[in-house]
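A short worksheet on the structure shown next.
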2 protein chains.
Amino acid sequence: MATLNRPGAEDGHVCGIDAAMEVIGGKWKVLILWALHEQPRRRFGELRRVVPGITEKVLASHLREMEADGIVDRVAYDEVPPRVEYGLTKDGIRLSDALEPLAAWGRERRRHA
Amino acid sequence: MATLNRPGAEDGHVCGIDAAMEVIGGKWKVLILWALHEQPRRRFGELRRVVPGITEKVLASHLREMEADGIVDRVAYDEVPPRVEYGLTKDGIRLSDALEPLAAWGRERRRHA
DNA sequence: CTGTATCCTTGGGGATACTG
DNA sequence: CAGTATCCCCAAGGATACAG
């Protein structure tokens, strides 16, 4: 187990979790991650449908941030009408896998709620 | 793997993760969790020191929310000066364990950053 | 279809002072 | 020591319109 006030944490992170939290901290990011983990190569409009309640603007900005964080990749096909497919990078897949125990905890908790 | 648009998700949660995210979503909550996982029975002032940057007000409100969520327990001793000790419930410990892979992901990512 | 561009709102969190 | 009580701020997110 890592130490909280570990010497050498000059990057502003005291443990690995908060570094991860910065990446998945956006309001809808884990849902987007989950959607792409369930089925990759999803299109923009598809994601909008599968993540109910999100607006175009927020979906777009979240996707862009996740791209910048190296967990989502974007493939644009030069067609008309335009087609864009989103998927997970290797790192995104590993993140998604790392999220599974947390998801199990949430499911379990809901069962007993 | 759970389905995103699972029928029967009338509680507003589409998968287990977002239920978990609601619990750990506060800005400092994972750090508090981590601190109590490392060493339970910590006192208020101790937590304030070990979670650098947090204010009294936010620490107090976070602790109260985590208590309400059933992951933190609070024991007040009737002494003067007052003494209060915070720890994790069973559920809090399980949550903390479920967070470990995520922490590992964050640490790994920092190594390669 | 896949997005920008604007404008606006809200509540989570910060600063500070105070109390039992 | 372990917290409340106030006041305040601002960035994340929402609504809507428009564009290539």
Side-chain angles (χ1 to χ4, degrees), chain A residues 12-14 17-18 20-33 35-36 39-69 71-87, chain B residues 12-14 17-18 20-36 39-69 71-88:
Chain A
H13 295 125
V14 290
I17 303 183
D18 58 340
M21 287 301 289
E22 281 184 6
V23 172
I24 60 172
K27 183 169 182 183
W28 309 89
K29 284 186 181 173
V30 294
L31 295 184
I32 296 170
L33 211 54
L36 293 176
Q39 181 187 326
R41 295 184 156 265
R42 286 198 197 257
R43 304 181 58 170
F44 187 86
E46 209 177 341
L47 285 171
R48 190 168 38 166
R49 262 177 284 113
V50 95
V51 181
I54 197 170
T55 64
E56 301 171 349
K57 176 199 162 191
V58 173
L59 176 56
S61 75
H62 276 190
L63 284 171
R64 222 129 279 130
E65 288 172 11
M66 296 168 86
E67 226 188 316
D69 284 330
I71 61 175
V72 159
D73 64 353
R74 193 190 104 114
V75 181
Y77 299 87
D78 201 354
E79 303 173 357
V80 51
R83 178 165 63 104
V84 177
E85 288 180 353
Y86 291 93
Chain B
H13 294 126
V14 291
I17 304 183
D18 57 341
M21 287 301 289
E22 280 184 6
V23 172
I24 60 171
K27 183 169 180 183
W28 309 89
K29 285 186 182 173
V30 296
L31 295 184
I32 296 171
L33 210 55
W34 209 247
L36 293 176
Q39 181 188 325
R41 295 185 156 265
R42 284 197 197 259
R43 304 181 58 169
F44 187 86
E46 208 177 340
L47 285 171
R48 192 169 37 167
R49 262 177 284 113
V50 94
V51 181
I54 196 170
T55 65
E56 301 172 350
K57 177 200 163 191
V58 173
L59 177 55
S61 75
H62 276 191
L63 284 171
R64 223 127 278 133
E65 289 172 11
M66 295 167 86
E67 225 188 316
D69 284 329
I71 61 175
V72 159
D73 65 352
R74 192 191 104 114
V75 181
Y77 298 88
D78 201 355
E79 303 174 356
V80 52
R83 179 165 61 104
V84 177
E85 289 180 352
Y86 291 93
L88 295 183

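All values derive from a computational prediction rather than experimental measurement. Below, chain A is the first sequence line, B the second, and so on; all start at residue 1.
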Checklist line | Nearest-0.5 Å distance, CG of residue A:Leu59 to CZ of residue A:Phe44 | finding: 4.0 Å
Next item on the list: Could you state the atom-to-atom distance from CD of B:Glu22 to P of C:dG12 in whole Å?
Entry: 12 Å
Check: For B:Arg64 and D:dG3, what is the distance between atoms CZ and C1' respectively, to the nearest whole Å?
Finding: 7 Å
Note to self: Could you measure the distance from the CD1 atom of A:Ile54 to the CD1 atom of A:Ile32? Nearest 0.5 Å is fine.
What the structure shows: 4.5 Å
Check: Hey, is the main chain of B:Arg64 close enough, under 3.5 Å, to the side chain of B:Glu67 for a donor-acceptor pair?
Finding: no
Next item on the list: For A:Pro82 and for A:Trp28, find the nucleotide of DNA chain D with the closest heavy atom, then tell me which residue's nucleotide is more 5'.
Entry: A:Trp28
Item checked: Check: A:Lys57 side chain, D:dG14 base, donor-acceptor under 3.5 Å -> yes
Check: How many Å lie between CG on A:Leu59 and C1' on C:dT4, as a whole number?
Finding: 13 Å
Next item on the list: Return no unless some side-chain N or O of A:Arg43 is found under 4.0 Å from OP1 or OP2 of C:dC1.
Entry: no
Next item on the list: For A:Glu85 and C:dG3, give me the distance from atom CD to atom C1', rounded to whole Å.
Entry: 16 Å
Report all side-chain donor-acceptor pairs from residues 71-81 of chain A shorter than 3.5 Å, counting only partners two or more places apart or in another chain.
residue: A:Asp73; atom: OD1; partner: A:Gly87; partner atom: N; Å: 3.3
residue: A:Tyr77; atom: OH; partner: A:Arg41; partner atom: NH1; Å: 3.2
residue: A:Tyr77; atom: OH; partner: A:Glu85; partner atom: OE1; Å: 3.2
residue: A:Glu79; atom: OE1; partner: A:Arg83; partner atom: NE; Å: 3.3
residue: A:Glu79; atom: OE2; partner: A:Arg83; partner atom: NH2; Å: 2.9

Notebook entry, point to check: Please give, in whole Å, the distance from D:dA2 P to B:Ile32 CD1?
Noted result: 15 Å
Notebook entry, point to check: Rounded to the Å, how far apart are B:Ile54 CD1 and C:dG14 P?
Noted result: 7 Å
Notebook entry, point to check: Measuring from A:Asp69:CG to A:Glu65:CD, what's the distance to the nearest 0.5 Å?
Noted result: 7.5 Å
Notebook entry, point to check: For the side chain of B:Arg42 and the backbone of B:Ala35, is there at least one donor-acceptor N/O pair under 3.5 Å apart?
Noted result: yes
Check: Quick one: bend of the helix from C:dC1-D:dG20 to C:dG20-D:dC1 from 5 pairs per end, to 10°?
Finding: 50°
Margin query: Ignoring hydrogens, what is the shortest heavy-atom contact between B:Leu36 and B:Tyr86? Give both atom names and the distance.
Written below: CD2-O, 3.5 Å
Item checked: Atom pair distance, as rounded to whole Å: CE in A:Met21 and C1' in C:dG13 -> 15 Å
Note to self: C:dG3, OP1 or OP2 - any side-chain N/O from A:Arg48 closer than 4.0 Å?
What the structure shows: no
Notebook entry, point to check: Counting just side-chain N and O atoms, does A:His62 come under 4.0 Å of either OP1 or OP2 of D:dA12?
Noted result: no
Next item on the list: Using only side-chain N and O atoms of A:Lys27, determine if any of them is under 4.0 Å from OP1 or OP2 of D:dG14.
Entry: yes
Next item on the list: Would you please confirm or rule out a distance under 4.0 Å between OP1 or OP2 of D:dC1 and any side-chain N or O of B:Tyr86?
Entry: no
Notebook entry, point to check: From D:dA15, D:dT4, C:dT2, pick the nucleotide closest to the side chain of A:Val84?
Noted result: C:dT2
Note to self: Does a side-chain N or O of A:Arg74 approach OP1 or OP2 of C:dG3 to a distance below 4.0 Å, or not?
What the structure shows: yes
Margin query: Distance check needed: C:dT19 P versus B:Glu56 CD, whole Å only.
Written below: 14 Å
